[in-house]
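Following: one structure in structure tokens, then a few remarks.
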Amino acid sequence: MTQFNRRVFVLGGIATAGALGWSGNASAALAFPFTLGVASGDPLPDGVVLWTRLAPTPLNGDGQGGMPNQSVDVEWQVATDELFTDVVQSGTVTAYYAGAHSVHVEVHGLQPDYAYYYRFRTGGHLSPVGTTRTAPAFDVVGRDLLMAFTSCAHYEDGYYTVYRRMAEDRPDLVLHLGDYLYEGGKGTDGVRQHLGGEIVSLADYRRRYAQYKTDADLQAAHAAAPWLVVPDDHEVENNYANMTRANNSPVLTAREWEQRRADAYRAYYENMPLRGGAKPNGADILLYRRVRWGGLATFHLLDTRQYRHDQACGDGWRYCPPAGDPARSLPGTTQENWLLDGLGRRHGIWDVIGQQVFFARQVDAGDAGNMDAWDGYPASRDRIQKGWVQRGVRNPVVLTGDVHRAWANNLKIDYTNPGAPVVGTELVTSSVSSGGDGADSTAIPHGAYNPHLKFHSQHRGYVRTKVSQTRMEVDFRVVPKVTTRGAAASTQRSFVIEEGRPGVQNP
Ligand code: FE
Ligand code: CA
């Protein structure tokens, strides 16, 4: 065993890495630090973001994972083969105590539409190996894209079998639409328990991410493919809206709440494979962004929490005419315009809008709906749908999480007219674990009032899509149980969306 020595280590490691490969010559000074796995995200045609965070004892109450209060250099390698005999990019990045020893490497110089392996090393310890890929060149409609998406992974409600099964599909790209973690304190009726009470401080959020990320199934999903991540509410606090909380539990002053929100987003950035553009600036974090997959698809990733008007009549299921005020917006005016501008560019065949809350209208006999979802902001939804129709967007597909149920919905300019044309498609993923084992019934709640809602499932699961120039094939993947480990996944229902024909069809 050699002592960890920065200068010798870096010179020796990087100079010879390509020729000799890396050994696991572990230092006695640092216990194995890669307990949270590795991840990659936000691919470009020439690169991708690589992520890891050092935490030898990840569950420490201070959120620092057992790391000393000093900076540590971390080497990284990208190779075309699993044995790292063909290393094509490599370097060293510094992990800072102030950043909870997370690292975000923005790799460039890679080939477009190409699969790569990556790993890290520090203190003689080797990280697990991740697989990732670059996007196709902007003007190229390449081969078919296998994209899977999911949301809502309450740690106490179930095991992460859904993440494992998603990884086993070997997707090219994974979208996570929020509720990656939950802020609540330790419960008593789950299959496992959160550490501590409701998370409020930076240390709390950091430790909660660490607890979630110690899960082997979650690590497998991150290691399998690049992810595009956007948070929902629970990464901060349930149903919050911009600077307004849904309740005052725990009791916080306005200033304490502002600090909590900032800390939550700081920890989010630290723990996700995001580019530097998403580095928080004070209380704000810029998370809405576009990721282009060549000429095939453009992913418009929305943030529906930071800029929204407050829920109009509270955030439950309500009949609330004031919600229709055209001055109200869910993404906020700036983001709404940014979305419409991006849709209007029609870069790819498919315009995929990755966001959080239920988009299609869903009302009951009394016209009540979910005030936390787009039904609480119908004018905002109207502007977006009409906007894409006016801009000639051929294949808008909205992806949604949040509701812990799977849905397939046809989107319409006029939801009250059954004869009105379908102008888009919404696919809603169920949860990874939130809600527990689920149920068999596929009856559509209030179906008589919402004929554009075509499928509903109460099982846990994810959505798997195969995107080609002519169609998007959609499989609703489900597992029967999450309260025991190891359930098999199966396809409960499949649809296709044909290019140029919005809405779901039977295959
Ligand atoms: Fe959720
Ligand atoms: Ca949510």
Side-chain angles (χ1 to χ4, degrees), residues 149-163 166 175-185 187 189-192 194 198-199 205 208-209 211-212 215 218 221 229-242 244-247 249 260-261 264-265 268 272 287-288 301-308 310-311 314-317 330-331 353-360 362 369-377 398-407 426-439 456-463 478-479 482-483:
F149 68 98
T150 195
S151 74
C152 293
H154 198 297
Y155 187 80
E156 299 189 335
D157 283 1
Y159 298 108
Y160 289 165
T161 312
V162 165
Y163 281 140
M166 198 167 66
L175 268 65
H176 197 292
L177 300 177
D179 291 359
Y180 184 96
L181 58 62
Y182 285 72
E183 80 282 15
D189 51 4
V191 299
R192 45 190 184 177
H194 281 154
E198 179 159 342
I199 52 176
Y205 282 97
R208 185 61 57 84
Y209 279 105
Q211 183 178 20
Y212 276 54
D215 184 277
L218 175 55
V229 300
V230 273
D232 191 15
D233 51 342
H234 288 287
E235 284 87 348
V236 181
E237 187 184 48
N238 181 49
N239 283 6
Y240 97 90
N242 197 334
T244 306
R245 300 176 73 193
N247 58 51
S249 170
R260 180 190 184 186
R261 202 187 96 147
Y265 282 128
Y268 185 76
M272 293 294 156
L287 289 168
Y288 65 84
L301 302 164
L302 302 193
D303 174 348
T304 58
R305 291 289 163 191
Q306 272 192 102
Y307 316 103
R308 66 159 76 196
D310 194 17
Q311 292 88 347
D315 56 0
W317 183 279
L330 186 53
I353 301 170
Q355 55 96 47
Q356 291 76 40
V357 290
F358 208 87
F359 191 84
Q362 185 195 11
N370 180 0
M371 290 298 105
D372 188 57
W374 289 86
D375 277 328
Y377 306 79
V398 177
L399 309 184
T400 302
D402 182 52
V403 289
H404 311 169
R405 302 276 199 281
W407 295 81
E426 179 179 24
L427 305 173
V428 183
T429 179
S430 188
S431 57
V432 172
S433 55
S434 303
D437 283 335
H456 174 232
S457 165
Q458 303 184 51
H459 287 299
R460 305 288 79 84
Y462 62 103
V463 182
V478 296
V479 297
V482 292
T483 54

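All ligand and atom numbering here is 1-based and tracks the order in the structure.
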Problem - Aromatic centroids of Y212 and H154 separated by under 6.0 Å - result: no

Exercise for the section: Provide the tally of protein N/O/S atoms nearer than 2.8 Å to the Fe ion (ligand 1). Expected result: 4

Problem - 4.5 Å side-chain heavy-atom contact, H404 and R460 - result: yes

Problem - D375 side chain near Q362 side chain, heavy-atom distance below 4.5 Å - result: yes

Completion exercise
From the list V478, D437, V479, side chain to side chain contact (heavy atoms under 4.5 Å, CB included) with H459 holds only for V478

Fill in the blank from the handout: Those residues at least two apart in sequence (or on a different chain) that pass side-chain contact (heavy atoms from CB on, under 4.5 Å) with E237 are E183, E198, R245, N247, P250, W257, R260

Exercise for the section: Name all residues meeting the salt bridge (Lys or Arg N to Asp or Glu O under 4.0 Å) criterion together with D372; count only those two or more places apart in sequence or in a different chain, and write none if there are none. Expected result: R305, R308

Problem - Distance below 3.0 Å from the Ca ion (ligand 2): protein N/O/S atoms - result: D179 OD2, D232 OD2, D233 OD1, D402 OD1

Practice task
Indicate whether the side chain of W374 and that of E426 have a donor and an acceptor atom separated by less than 3.5 Å.
Solution key: no

Exercise for the section: Answer yes if the side chains of Q356 and T400 hold a donor-acceptor pair under 3.5 Å, and no otherwise. Expected result: no

Problem - Quiz item: cation-pi between R192 and Y159, 6.0 Å / 45° - result: no

